J.: 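Okay, here's the structure, questions in a sec.
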Amino acid sequence: MKKEILFKLLAVLFFANLVVAQEQNQLKLADIYKNNVYAQQGYGPIRWMKDNKGYSTLEPNTKLGGRDIVRYDAKSGKRTVIVSAADLIPKEKNKPLVISNYQWSADNSKLLIFTNTRKVWRYHTRGDYWVLDIAKKQLTQLGKTLPATTLMFAKFSPDASKVGYVSNLNIYVEDINSNTINQLTTDGGGAIINGTFDWVYEEELSCRDGFRWSPDGEHIAYWQSNTKGVGTFYMINNIDSIYSKPLPMPYPKVGTQLSAVKVGVISAKGGETKWFDVPGDPRNHYLARMEFIPNSNEVMIQQLNRPQNTNKVFIGDITSLKLTNILTEKDEAFLDVHDDIRWLDNEKYFTWSSERSGWLHLYRVSRDGQDIQPITKGNFDVIRINCIDVKGGYVYYIASPHNFTQRYLYRSRIDGKGAAERVTPVSNAGQNAYQISADAKWGIQIFQNATTPPIYSLVSLPKHKQVRVLETNAALKSKFDALQLRPKEFLKVDIGDAVLDAYMIKPKDFNPSKKYPLLFYVYGEPAGATVQDNWGGGDLFHQYMAQQGYIVMSVDNRGTKTPRGKKWRNAIYGQIGILASEDQSKAAKKIVSMYDFIDAERIGIWGWSGGGQMTLNCMFRYPDIYASGLAVSFVSDQRLYDATYQERYMGLLKDNAKGYHDGSPINFAQNLQGNLMIIHGTADDNVHYQSFEMLIDRLIAHNKIFNMMSYPMRSHSIHERKNTSYHLRETMENYWKNNLPAGGK
């Protein structure tokens with residue numbers, strides 16, 4: 001009798017422990033978005049040292065707090081603390097500076113520390129800067145007489161005797177030894193922006209740092225923007241005071257006036273600015289890039305026309321201000337701006353990225369633009385240039401000729417001879433990124449795939465021998481594996497017009513004899529792609545939804561940012577929202593026919609930003625396919641979005657009015673049949689809350705019933721303030737469970 005009781009107790013304990021273990025291995029929204037259970041470890045940021053034999057990185061100082069700057073010898077792994085946190089304690093303080101970023105002078109004798117940062121638009125580009133003289137261990141704050149946390153883009157002069165920076169839209173130069181501050185420009189403020197950019201240049205042209213030192217350190221070339229006449233958009237803060245506060249921002253919408261931007265040169269000692277007279281109306285052109293040519297008093301300026309299908313490259317003499325148009329790149333659709341210029345052979349040639357062959361490749365161009373020869377060749381895209389090793393004679397770059405969801409390191413000879421050579425070993429199947437030393441002998445490799453968090457390794461090149469592993473993210477990998485989730489399955493979907501890449505995530509308890517609801521995640525625009533064999537945080541939200549009983553899929557339609565050639569990317573030109581939603585609808589129908597376990601009556605679709613717009617277009621244009629949709633931070637009318645992005649891919653409004661109309665989901669809101677939820681942040685400076693309200697107004701006019709959620713004073717990413725991310729995801733989960741019943745039937 002006692003034995004029976006004992007066995008029963010043991011059985012109860014066994015099953016209780018089993019339940020606890022199963023509970024522990026359950027993926028929970030709170031663990032993803034609230035408890036930070038699945039946090040990912042990085043490494044760095046690293047800086048290759050001048051001698052290319054070692055690199056510096058940041059490591060915690062457990063005694064003092066803060067971080068040390070440590071040098072590692074690449075070959076031996078020897079560790080040396082070159083800047084202790086103790087060296088970064090200001091006299092008037094008792095704790096080290098918090099290092100947000102750091103920069104070495106060209107000779108590695110001085111260090112520039114960026115700290116106490118503030119966000120400007122989307123990025124932390126404003127704060128305080130300090131200089132550390134390594135030999136003297138002398139720590140000095142820059143801009144002491146200027147308002148705190150207003151310095152931006154500080155950088156050493158070539159000889160490291162001075163630092164240039166921007167404060168309150170003006171440019172300053174400070175002598176490091178005397179701390180004498182020289183204000184170069186005085187007209188910044190209001191509509192005038194010196195040394196940095198307006199919102200649209202930052203967002204759409206990746207222009208933030210707006211000034212450059214000349215190679216001899218005698219001059220500074222800089223951009224000046226005049227936002228006068230640009231339409232002002234007002235966001236409203238209703239929650240931080242008993243009175244609302246308008247938040248104005250110059251924001252050029254489709255077809256409206258752009259900032260007038262020009263490039264000037266001023267002596268580093270001060271004086272009058274001399275301006276380049278770049279041909280063309282500055283209100284209808286972009287000065288997208290400007291850099292000094294090494295060992296010269298000349299700058300290279302790239303000017304895009306307003307439709308962004310012509311890029312004129314000028315060389316400008318900073319003394320005479322003479323401009324010479326050496327190269328003009330044109331396209332029947334649109335051009336992207338690339339940052340792959342490296343001067344070769346005593347500045348007689350430069351490297352240039354172009355799609356002129358139908359694929360994105362690197363070219364060697366003579367200084368006068370007359371001789372253009374390919375460096376990389378083949379039916380594949382060069383995704384990113386990693387290193388141009390002039391001495392060794394190779395360019396190292398990322399490409400993926402055979403699998404558009406993956407990324408590998410390749411190299412090609414600078415003289416254009418021979419075939420592309422893959423450097424990344426076959427064992428690293430997935431996505432690979434590299435930070436390579438200037439002499440191309442060493443690289444920090446970051447390897448990941450859909451089931452492997454980033455692994456950081458030091459490798460020797462070109463044989464790609466792994467020297468040592470720097471960070472494995474083993475703890476995260478162990479937690480992920482313990483969940484026993486079904487990995488993403490990558491597949492192809494043939495829609496007739498094209499074969500599209502897709503992925504599928506199935507529920508843990510998937511039963512192929514049952515029918516499951518299908519939840520599509522969509523983006524679909526030229527700025528990105530969703531079907532990627534990378535970690536992506538483990539895609540835990542979609543894994544969570546699959547765990548609730550959904551098949552989750554994503555499909556990259558034509559026009560998405562994948563390395564499939566110019567024709568693929570240009571397919572969307574003039575028809576954003578039109579072609580993509582057609583491709584998505586065809587893919588949905590094809591997928592239903594491919595798999596018996598998908599319930600055609602329970603198909604949902606959701607997306608964020610461009611994906612929110614695509615969700616609405618799919619719901620409104622193909623209401624017979626999608627039973628439910630959820631759109632976050634979306635553009636409802638393309639005329640409401642910024643001119644630079646929208647006109648690049650749609651053309652000018654006057655030339656493509658029908659395309660703008662037909663690609664805007666608001667014009668088809670009357671077709672809504674299924675369930676719809678829309679979500680937006682009221683402080684979205686990117687896709688304005690206006691888009692949300694205009695769609696609401698249209699849906700009401702057509703008597704369409706829908707769900708909605710506003711997040712006050714949250715931006716485009718809807719993550720600011722307490723509990724936001726968790727609340728958002730719970731809201732999304734509840735919507736799906738109430739409107740697209742989960743589970744196999």
Side-chain angles (χ1 to χ4, degrees), residues 200 203-205 252-256 304 306-309 331-336 355 495 497-498 500 520-531 554-562 564-588 605-622 626 629 631-669 671 686-688 690-692 694-695 716:
V200 79
E203 177 69 18
E204 306 300 359
L205 295 174
K253 291 181 182 278
V254 169
T256 67
L304 286 173
R306 180 150 185 167
Q308 298 167 74
N309 57 19
D331 194 281
E332 66 276 9
F334 56 85
L335 292 167
D336 289 319
E355 292 181 309
I495 62 170
D497 300 318
L500 309 179
F520 280 107
Y521 171 59
V522 64
Y523 181 71
E525 294 213 8
T530 57
V531 185
S554 191
V555 180
D556 274 337
N557 51 258
R558 285 174 289 175
T560 49
K561 193 175 184 179
T562 53
R564 299 185 63 162
K566 178 179 182 296
K567 183 178 179 181
W568 168 275
R569 289 186 291 276
N570 285 7
I572 207 167
Y573 181 68
Q575 50 178 342
I576 285 183
I578 303 169
L579 178 69
S581 60
E582 180 184 339
D583 279 4
Q584 291 289 333
S585 70
K586 288 180 178 178
I605 185 169
W606 91 277
W608 200 307
S609 191
Q613 178 184 190
M614 215 60 64
T615 295
L616 295 173
N617 268 316
C618 286
M619 289 291 293
F620 298 164
R621 296 169 70 91
Y622 302 95
Y626 304 96
V632 185
S633 302
F634 53 84
V635 174
S636 62
D637 186 330
Q638 292 180 16
R639 297 173 304 171
L640 303 178
Y641 198 48
D642 78 70
T644 309
Y645 178 92
Q646 211 66 51
E647 291 173 1
R648 178 188 306 152
Y649 302 120
M650 289 294 289
L652 302 184
L653 182 59
K654 65 182 179 63
D655 300 326
N656 188 25
K658 187 176 188 302
Y660 276 93
H661 176 276
D662 292 353
S664 297
I666 194 170
N667 296 316
F668 300 89
N671 298 333
N686 185 355
V687 179
H688 300 147
Q690 172 190 38
S691 239
F692 182 79
M694 282 191 172
L695 180 63
H716 191 58

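Being a predicted model, the structure only gives us computed values, none of them experimental. Position 1 is the first residue of the sequence, and the numbers go up from there.
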J.: Within 45 degrees of the axis of the six-membered ring of Phe668 and under 6.0 Å from its centre: does Arg621 put its NZ or CZ there?
T.: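 Checked: cation-pi criterion met.
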
J.: Take Asn570 and Glu332 through the side-chain contact (heavy atoms from CB on, under 4.5 Å) test and state the conclusion after the steps.
T.: CA-CA 9 Å; Asn570 285 7; Glu332 66 276 9; 4.2 Å; yes

J.: Would you say the side chain of Ile666 lies within less than 4.5 Å of the side chain of Arg639, judging by non-hydrogen atoms?
T.: no

J.: Can you give me the closest heavy-atom contact between Ile572 and Pro526, atom names plus distance?
T.: CG2-CG, 3.7 Å

J.: Nearest 0.5 Å, please: how far is CG in Asn656 from CD in Glu647?
T.: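 The CG atom of Asn656 is 11.0 Å from CD of Glu647, to the nearest 0.5 Å.
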
J.: Hey, could you give me the NZ/CD distance between Lys567 and Glu355, rounded to the nearest 0.5 Å?
T.: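 Reported to 0.5 Å precision, the distance equals 14.5 Å.
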
J.: Are any of the side-chain heavy atoms of Gln308 and Thr644 separated by less than 4.5 Å?
T.: yes

J.: Once rounded to the nearest 0.5 Å, what's the spacing between atom CG of Asn617 and atom CD of Gln584?
T.: 11.0 Å

J.: Can you list the steps and then say if Val531 with Thr560 is a side-chain contact (heavy atoms from CB on, under 4.5 Å)?
T.: CA-CA 10 Å; Val531 185; Thr560 49; over 6 Å; no

J.: Can you check side-chain contact (heavy atoms from CB on, under 4.5 Å) on Ile495 and Leu500, steps first, answer last?
T.: CA-CA 7 Å; Ile495 62 170; Leu500 309 179; 3.8 Å; yes

J.: Can you pull out every side-chain hydrogen bond (donor to acceptor under 3.5 Å, both in side chains) where at least one residue sits in residues 520-531? Sequence neighbours excluded, please.
T.: Glu525-Gln613, Glu525-Tyr645, Thr530-Ser554, Thr530-Asp556

J.: Gly612 and Ala631: which non-hydrogen atoms are nearest, and at how many Å?
T.: O-CB, 3.5 Å

J.: If you look at every heavy atom in Ala529 and Lys561, which pair is closest and at what distance?
T.: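 So the two residues come closest at CB-O, 3.7 Å.
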
J.: Is the closest basic N to carboxylate O distance between Asp331 and Lys566 below 4.0 Å?
T.: yes

J.: Would you call the rings of Phe520 and Tyr626 parallel, tilted or perpendicular, where under 30° means parallel and over 60° means perpendicular?
T.: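 Plane angle over 60°, so perpendicular.
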
J.: What pair of heavy atoms forms the shortest contact from Ala643 to Lys253, and how long is it?
T.: CB-O, 3.5 Å

J.: Just do the salt bridge (Lys or Arg N to Asp or Glu O under 4.0 Å) check on Asp336 and Arg569 with the steps written out, would you?
T.: CA-CA 11 Å; Asp336 289 319; Arg569 289 186 291 276; 5.5 Å; no

J.: For the CD1 atom of Ile576 and the OH atom of Tyr660, what is their distance to the nearest 0.5 Å?
T.: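 OH of Tyr660 is found 8.5 Å from CD1 of Ile576.
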
J.: Taking the side chain as everything from C-beta on, heavy atoms only, tell me whether Leu579 gets closer than 4.5 Å to Arg558.
T.: yes

J.: Restricting to non-hydrogen atoms, name the atom on Trp608 and the atom on Ser633 that form the minimum distance, rounded to 0.1 Å.
T.: NE1-OG, 3.4 Å

J.: Find the distance between CG (Asp642) and CD (Glu203) and round it off to the nearest 0.5 Å.
T.: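 Reported value, rounded in 0.5 Å steps: 7.0 Å.
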
J.: Please name the pair of heavy atoms, one in Leu616 and one in Pro665, separated by the smallest distance, quoted to 0.1 Å.
T.: CB-CB, 3.5 Å

J.: Under the side-chain contact (heavy atoms from CB on, under 4.5 Å) rule, what do Asp662 and Asn667 come out as? Steps first, then yes or no, please.
T.: CA-CA 7 Å; Asp662 292 353; Asn667 296 316; over 6 Å; no

J.: Return the orientation label for the Phe634 and Phe692 ring planes: parallel under 30°, perpendicular over 60°, tilted otherwise.
T.: tilted

J.: Test your reading of the model: is there a side-chain donor-acceptor pair from Gln690 to the backbone of Leu640, 3.5 Å cut-off?
T.: no

J.: For a 4.5 angstrom cut-off between non-hydrogen side-chain atoms, does Lys586 reach Asp497?
T.: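 Lys586 vs Asp497: side chains touch.
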
J.: Give, for atom OH of Tyr641 and atom CD of Glu204, the distance between the pair rounded to the nearest 0.5 Å.
T.: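 These two atoms lie 4.5 Å from each other.
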
J.: Quick one: does Asn671's side chain get under 4.5 Å of Tyr622's, heavy atoms only?
T.: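 Not touching, per the 4.5 Å side-chain cut-off.
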
